[in-house]
Number of protein chains: 2
Amino acid sequence: MAATLKDVALAAGVSIKTVSNVINDYQHIRADTKQRVMEAISELGYSPNLSARSLRSGRTGVIGLAVPELSLSYFAELADSIIKAAEGRGLKVLIEQTGGDRAHELEILSSPRLQMTDGLLFSPLGMSNEDADHLNVSFPLVLLGERIFGGPTDHVTMSNVESAQAATAHLLSKGRRRIAVVGAHEGEVIGSAGLRLRGYRQALEEAGVPFDPRLLGYTTLWHRSNGATSMRQLLESGVEFDAVFGLNDTLALGAMRVLQEAGRRIPDDVAVIGFDDLDEGRYSLPTLSTIDPGRAEIADTAVRVLQERISSREDDVPPREFEARFRVVERESSALPG
Amino acid sequence: MAATLKDVALAAGVSIKTVSNVINDYQHIRADTKQRVMEAISELGYSPNLSARSLRSGRTGVIGLAVPELSLSYFAELADSIIKAAEGRGLKVLIEQTGGDRAHELEILSSPRLQMTDGLLFSPLGMSNEDADHLNVSFPLVLLGERIFGGPTDHVTMSNVESAQAATAHLLSKGRRRIAVVGAHEGEVIGSAGLRLRGYRQALEEAGVPFDPRLLGYTTLWHRSNGATSMRQLLESGVEFDAVFGLNDTLALGAMRVLQEAGRRIPDDVAVIGFDDLDEGRYSLPTLSTIDPGRAEIADTAVRVLQERISSREDDVPPREFEARFRVVERESSALPG
DNA sequence: TTGAAAGCGCTAACAT
DNA sequence: ATGTTAGCGCTTTCAA
């Protein structure tokens, strides 16, 4: 059996309160008492029972992170950043995969199973703004992503519209006028696809370039294969274009592959830009221009804000919205004489 | 304050034992009693306090997973599989990133911080066989990966030697004789690089093809960039080759990029095969032949074995070794008239 | 500066 | 079939 406070107290000849004080860095302890306790601790190999501690304190030191799937590179890199941010604040991260499925997402919000955590970072994909009410939960919750806006919780997001606008403007600045889009979602207004498409249209408008709906390639999930399929359809449709905006990097990479198979040179015939700044785009052929959405900043902010909600017992702080700073990253796929 | 067993008992007019029985699906309860309790539960929105439960039962229902980094695609996909396998067994997964750093890995084994878990799935990268003693820990531990063999714990691994041999044989079967390797580790015997290299040499030997050390490209970490760098060095060295075995997919993808920049056609001039069966290789140009190391089987086995160790309090079951079944996946990068 | 003791919410042994 | 009760190991008033 593992040693307990009592064992240590007995060995050190003090009360358990004193041992507890030592463990919790309480200030007013005589140096020699502390010394004796420390020795007993290491002698017995004592380490505190965290279940007991959290039963008592009501805190577990663990936060939950719910994402669609880790095999989607964006979420893997997000999880990486969040675990690092959490570590810096003494928190552990328990990961839950929703598969991007609305029912599964709702279940996580209501289920008592995700309990061993003090709060949740939640990145929905299947839910939409109409489900915002479901975010009214009794535990600390920080929303990530772009599926729901104006909900009842803190929200950390990227500057989707502005950065998509900047991506499009980047292609325009390279003299491109017929810019195809890969990854659009039929009829979506909110959500990464909807917002980024809005940025795309704003950039066109600003440049006085007419919007041509035939340039939009639709897909459902942003998996690699869908970028390829969508691009194949665009090519088959016969519509002309001299640039492609992949609504994320994976889509853009899939599209690039199809373009190259079809004999289009990148960036000469078709310039390409993606979105997310995945590591993968650094080593593709050609390297992929993209938007760095500020992932580290998102992770940092999200963990910080969640921790604030966990510690402050005031419920009356209104929900806040945070937008990370983005950056256009020019690589080979759009490197043209500006 | 959240409702407790006591509150529910009071509301239902029964004792807490009865409520506890209902929650834990104890058999012998009168239907109407159960009914009443259920109603009280949903009325009060009761959900059990897991800290209390685990303090009492000694179980948390959470397992730890320690991997180098989720931004390495292999580990992201592994984590995905493991979370899914754990979910099927009613377990949650807490993820810890070691950065592949030996000191950090050792710390995780000794530190009392990773406590809120019942056991650990551990995939070291910095540790080596000499550190096997450190695996002698007091909590249930299942080792993953190929850094340590013959240690004191259960171990789930891939068939590195055999599958690397099969990968090499695959290239040989396509008539290739000068097979370069990307990702070798200087002097390594155990570890993914060492084992896969051994498989490579065995295949050569079996085919009567002489081993040429000039064909080995060395790298440290298996990041994308290193595959590119290593291939660049091979090209600069002037050594001739008609095929490349990337010791993992990321390396192979990086190498492919450099080959194409250098004007080599794949697979015509150079056939390429990787290792890991990452999703990414399905959409590269050309698509990447690879080894499917049986990730799902690894995840499944690892979680199952860990759970067995957690539940069985017998310490005398000797450590077991499991090897997943692999499969050669032929795609475009090695598609040649066999 | 340290000690005594209550109790966090639950499970399980024991009792009825 | 259901109730009583003793802790699990810890933090935390309250006292000394």
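So that the names make sense, note that chain A is the first sequence line, chain B the second, and so on, each numbered from 1.
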Within this structure, what is the [atom1]-to-[atom2] distance between [X] and [N], rounded to whole angstrom?
X	N	atom1	atom2	value
A/Asn49	D/dG7	CG	C1'	13 Å
A/Asp32	C/dT1	CG	C1'	11 Å
A/Met116	C/dC10	CE	C1'	13 Å
A/Leu5	C/dA5	CG	P	17 Å
A/Arg56	C/dG9	CZ	C1'	11 Å
A/Leu10	D/dG9	CG	P	14 Å
B/Ile16	C/dA13	CD1	P	15 Å
B/Asn21	C/dC10	CG	P	14 Å

Measuring to OP1 and OP2 of [N], would you say a side-chain N or O of [X] lies under 4.0 angstrom away?
X	N	result
A/Ser20	D/dT11	yes
B/Arg30	D/dA1	no
A/Thr4	D/dG9	no
B/Thr18	D/dT2	no
A/Arg53	D/dT11	yes
B/Ser54	C/dC10	no

Can you tell which of D/dG3, C/dA4, C/dC10 lies closest to the side chain of B/Lys17? D/dG3
With respect to the side chain of A/Asn24, which nucleotide from D/dG3, D/dC10, D/dT11 is positioned closest? D/dT11
Test log, rule salt bridge (charged side-chain N to carboxylate O under 4.0 Å, His left out), inputs B/Asp80 and B/Lys84: CA-CA 6 Å; B/Asp80 179 322; B/Lys84 282 175 182 145; 2.7 Å; yes
How is [X] classified with respect to the nucleic acid when contacts are heavy atoms under 4.0 Å: base, sugar-phosphate, or nothing?
X	result
A/Ser57	nothing
B/Leu55	base
B/Ile29	sugar-phosphate

If we count only N and O atoms by modelled type, under 3.5 Å, do the side chains of A/Ser51 and B/Ser54 hold a donor and an acceptor together? yes
Show your reasoning for whether side chain to side chain contact (heavy atoms under 4.5 Å, CB included) applies to A/Ile83 and B/Ile95. CA-CA 8 Å; A/Ile83 291 174; B/Ile95 296 186; 3.7 Å; yes
With side chain to side chain donor-acceptor pair (under 3.5 Å) as the test, pick out the partner of B/His155 among B/Glu321, B/Glu323, B/Arg320. B/Glu321
In Å and rounded to the nearest 0.5 Å, what is the CG to CG distance from A/Leu143 to A/Asp154? 9.5 Å
